[in-house]
2 protein chains.
Amino acid sequence: MPDFIYNNKVYYNPVEFAMDRIGGTWKMPILWRLKERVFRFGELKKDIPHITDKMLTSQLRQLEADGFIHRKVYAIVPPKVEYSITDKGRTAIPIIETIRNYGLELMEGEGIKSK
Amino acid sequence: MPDFIYNNKVYYNPVEFAMDRIGGTWKMPILWRLKERVFRFGELKKDIPHITDKMLTSQLRQLEADGFIHRKVYAIVPPKVEYSITDKGRTAIPIIETIRNYGLELMEGEGIKSK
DNA sequence: TTGGATACTTTCCTAAAAGTTAGTACCATT
DNA sequence: AATGGTACTAACTTTTAGGAAAGTATCCAA
C-alpha cells in the first residue's frame, strides 16, 4: 500500500484516511449522538461534556464537508439549525461501535470500571 | 459514560482509551506487520515507509509497556533485538482490519485508487 | 435601552505529537 | 587504525489539535 494524496494531504495508508474523517476527540461522540435523532447545536453542546463552541462548530463543518452529516438551517430568529446523520454517516456507526467495544475490553483488562 | 482517569490521564470515553493504545500514525502499521512474524528493529524500519528511528523506538516502547508486543534482546554484538506480538496485541488485529477496510471503503467512495 | 436567546466566528495561546539531526556503545572485520 | 553494523538516545524544532475568551447578528420582550 503506497502513499496517496487527497485534497493536498498525504496519507500513508487507509487507516489514516479513515481516522482523518472520523477520528479526533469529537467526531465520534457527535456521530454517536446523531445516530439516534436530529440535534440542534445547543443540544449537542449540552450533551457532549467538555466540548467548546469552537470545536463543535469546526467538527460539524468537517463532518458536513465529508458528507457524514447534514445541516439544515431554519430562517428564523433566533436561529435554529438542525444536524442529522446521512447514509454515509451511518456507515461509520458500526466502526465506532467496534472501537468502543474494544476500548471497553481493554479497560476491563486494566480493571477500569466507569459506570 | 462519565470521564475516568488512568495513569494520570483523563479519558472522556472508551474510544479515546482504545485510540490512546493503538492509535497515532505508527502503532497500527507496526502491529499490522508483527501479526505475520517476528521483526527486528532494522526490518521494521525498512518495511515501514517514512518512520524515523525516534518514532519507531518510542512507539515500540509504548506498545511494549501496554503489553501489545514483546521485546527480546540478544546479548550479542552487534546487538539484535526481536519484536513479536503478544496475545493481547493480537486482539487489536481485527480492530485494525475493520478500520482499514472502512478506510478502503471511504477511499473507493471518493474514487481514490491506490494499488 | 438593556438583556436574552441561538449559533456561531475570531484571535490568541498551550500542549502534545511528530520530525530532524546528530551522536553513542560495542566489537568484529579489514 | 579505520570502518561498519545494530539499535538505540538526546536535543531541538515544527506541526497540529485543541482550548479560552471574547465578539457578532438578529429580533423580541421587559
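The analysis underlying the following values was restricted to heavy atoms, covering all of them including side chains, and did not include hydrogens, waters or symmetry mates. Since this is a predicted model, take the numbers as computed values, not measurements. Chain A is the first sequence line, chain B the second, and so forth, proteins listed ahead of strands; every chain is numbered from 1.
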What range of DNA chain D does chain A touch, first nucleotide to last, counting atoms under 4.0 Å from its heavy atoms?
D/dG18 to D/dC27
Should we count CD of B/E108 as having more than 12 external heavy atoms under 6.0 Å?
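No, CD of B/E108 has 12 or fewer neighbouring heavy atoms, counting only those of other groups under 6.0 Å.
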B/K35 NZ: over 12 foreign heavy atoms closer than 6.0 Å
yes
Could you label the plane-to-plane angle of the B/Y11 and B/F17 rings as parallel, tilted or perpendicular, counting under 30° as parallel and over 60° as perpendicular?
perpendicular
Would you kindly confirm whether A/I76 and A/V73 end up in one hydrophobic cluster when ILVMFWY residues are joined by side chain heavy atoms under 4.5 Å apart?
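Different hydrophobic clusters.
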In whole angstroms, the gap separating C1' of C/dC8 from CD of A/E43 amounts to 16 Å
Quick one, A/E64 with A/K27, criterion salt bridge (charged side-chain N to carboxylate O under 4.0 Å, His left out). Give me CA distance, side-chain angles, the key distance, then yes/no.
CA-CA 11 Å; A/E64 191 197 1; A/K27 284 177 179 174; over 6 Å; no
Looking at B/Y83 versus B/H70, is the centre-to-centre ring distance below 6.0 Å?
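Ring-ring flag for B/Y83/B/H70: false, centres at least 6.0 Å apart.
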Of the non-hydrogen atoms in A/L104 and B/P14, which two are nearest, and what is the gap between them?
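Scanning both residues completely, I find the closest heavy atoms to be CD2-CG, 3.6 Å.
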Closest nucleotide of DNA chain D for B/G42 versus for A/P78: which of these residues is on the 5' side?
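Of the two residues, B/G42 wins.
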Can you work out whether A/P79 or B/R61 has the more 5'-proximal nearest nucleotide on DNA chain D?
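Taking each residue's closest nucleotide, the earlier one in sequence belongs to B/R61.
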Compare side-chain N and O positions of A/R71 against OP1 and OP2 of C/dA7 and report whether any pair is under 4.0 Å apart.
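A/R71 to C/dA7 OP1/OP2: no side-chain N or O under 4.0 Å.
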Letter by letter from the 5' end, nucleotides 15-21 of chain C scores (B base, S sugar-phosphate only, - none; protein heavy atoms under 4.0 Å) ---BBB-
Checking all strands, does A/Y74 fall into the base, sugar-phosphate, or nothing category for heavy-atom contacts under 4.0 angstrom?
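Since no nucleic acid heavy atom lies under 4.0 Å of A/Y74, the category is nothing.
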Base, sugar-phosphate, or nothing: which does A/K45 touch, judged by heavy atoms less than 4.0 Å apart?
nothing
Cationic tip of A/R100 within the cone over A/Y102's six-membered ring, i.e. under 6.0 Å and within 45° of the normal?
no
